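Along the sequence shown, the residues carry numbers beginning at 1. Keep in mind the model is a prediction, meaning the values are calculated, not measured.
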Amino acid sequence: PPRMGERQGVGKRHERRENHLPIPGRKPLFSDYVAVYFEKAKVQRKRPGTLENERQAIGRWRDYLGHVRIDQIATPAITAYLDKRLKGGIFCGRKLQPVSERTANLDLMMLRNVLKAAMDDGHLRELPRMKMLDEAPPPKRDLITPAEFDSLIEAARNGCKKNGEQL
């Protein structure tokens with residue numbers, strides 16, 4: 001047991017040597033960091049459709065968490081956002097309908113992308129705890145019927161002169 005005046009656990013010097021201390025100074029607001037995130041080369045290489053979806057989702061997160069410093073984003077705020085998203089409500093000045101668990105999970109993944117980039121930039125030591133919601137399995141789709149298959153083959157033969165016959 002430690003003697004009087006001694007601290008238990010690991011000291012700040014050790015944490016600094018092991019690179020476990022956050023970078024000193026004030027961290028950016030979430031809304032400011034989002035602009036930095038979208039300027040990153042890794043993000044700009046994403047497909048246009050992916051980027052558009054990410055911009056929309058992160059726009060909703062920015063509307064909800066924009067005033068919070070990036071290192072102050074905590075699990076209760078994330079949970080409250082997901083709850084609001086599942087129930088429907090006002091996001092970015094627009095009334096949005098309730099969404100499925102899958103859609104809420106996609107929003108959560110977009111937030112995680114931003115927070116991981118902030119970790120890489122030294123603004124965070126660890127991610128807040130974020131538990132994905134349980135999703136309903138996707139509905140089973142019927143196989144195509146032999147008649148539909150035949151019409152597909154016929155369309156390929158007639159519509160594609162170059163290699164419709166190969167198909």
Non-neighbouring partners of K87 that pass side-chain hydrogen bond (donor to acceptor under 3.5 Å, both in side chains), sequence neighbours left out: D83
Any pair counted as salt bridge (charged side-chain N to carboxylate O under 4.0 Å, His left out), so long as it reaches residues 105-118, sequence neighbours left out: R60-D107, R85-D107
Contacts of Y81 that satisfy ring pair (Phe, Tyr, Trp, His ring centres under 6.0 Å) - sequence neighbours left out: W61, Y64, F91
Residues which pass side-chain hydrogen bond (donor to acceptor under 3.5 Å, both in side chains) with K46, listed by chain and number, not counting sequence neighbours: Y37, E54
Within residues 143-162 or reaching into it, pairs that qualify as ring pair (Phe, Tyr, Trp, His ring centres under 6.0 Å) - sequence neighbours excluded: none
Contacts of type side-chain hydrogen bond (donor to acceptor under 3.5 Å, both in side chains), residue S100, not counting sequence neighbours: T103
Quick one: side chains of residues 68-77, donor-acceptor pairs under 3.5 Å with protein atoms, not counting sequence neighbours, listed by atom name and distance.
{"unit_1": "R69", "atom_1": "NH1", "unit_2": "K27", "atom_2": "O", "d": "2.6"}
{"unit_1": "T75", "atom_1": "OG1", "unit_2": "R129", "atom_2": "N", "d": "3.2"}
{"unit_1": "T75", "atom_1": "OG1", "unit_2": "R129", "atom_2": "O", "d": "3.1"}

Residue pairs, two or more places apart or on separate chains, that pass ring pair (Phe, Tyr, Trp, His ring centres under 6.0 Å) and touch residues 127-147: none
Those residues that, when tested against M119, pass side chain to side chain contact (heavy atoms under 4.5 Å, CB included) (two or more places apart): L124, L127
side-chain hydrogen bond (donor to acceptor under 3.5 Å, both in side chains) contacts touching residues 133-142 (sequence neighbours left out): N105-E135
Residues which pass side chain to side chain contact (heavy atoms under 4.5 Å, CB included) with R45, listed by chain and number, not counting sequence neighbours: A41, K42
Listed partners of D32 passing side-chain hydrogen bond (donor to acceptor under 3.5 Å, both in side chains), at least two apart: none
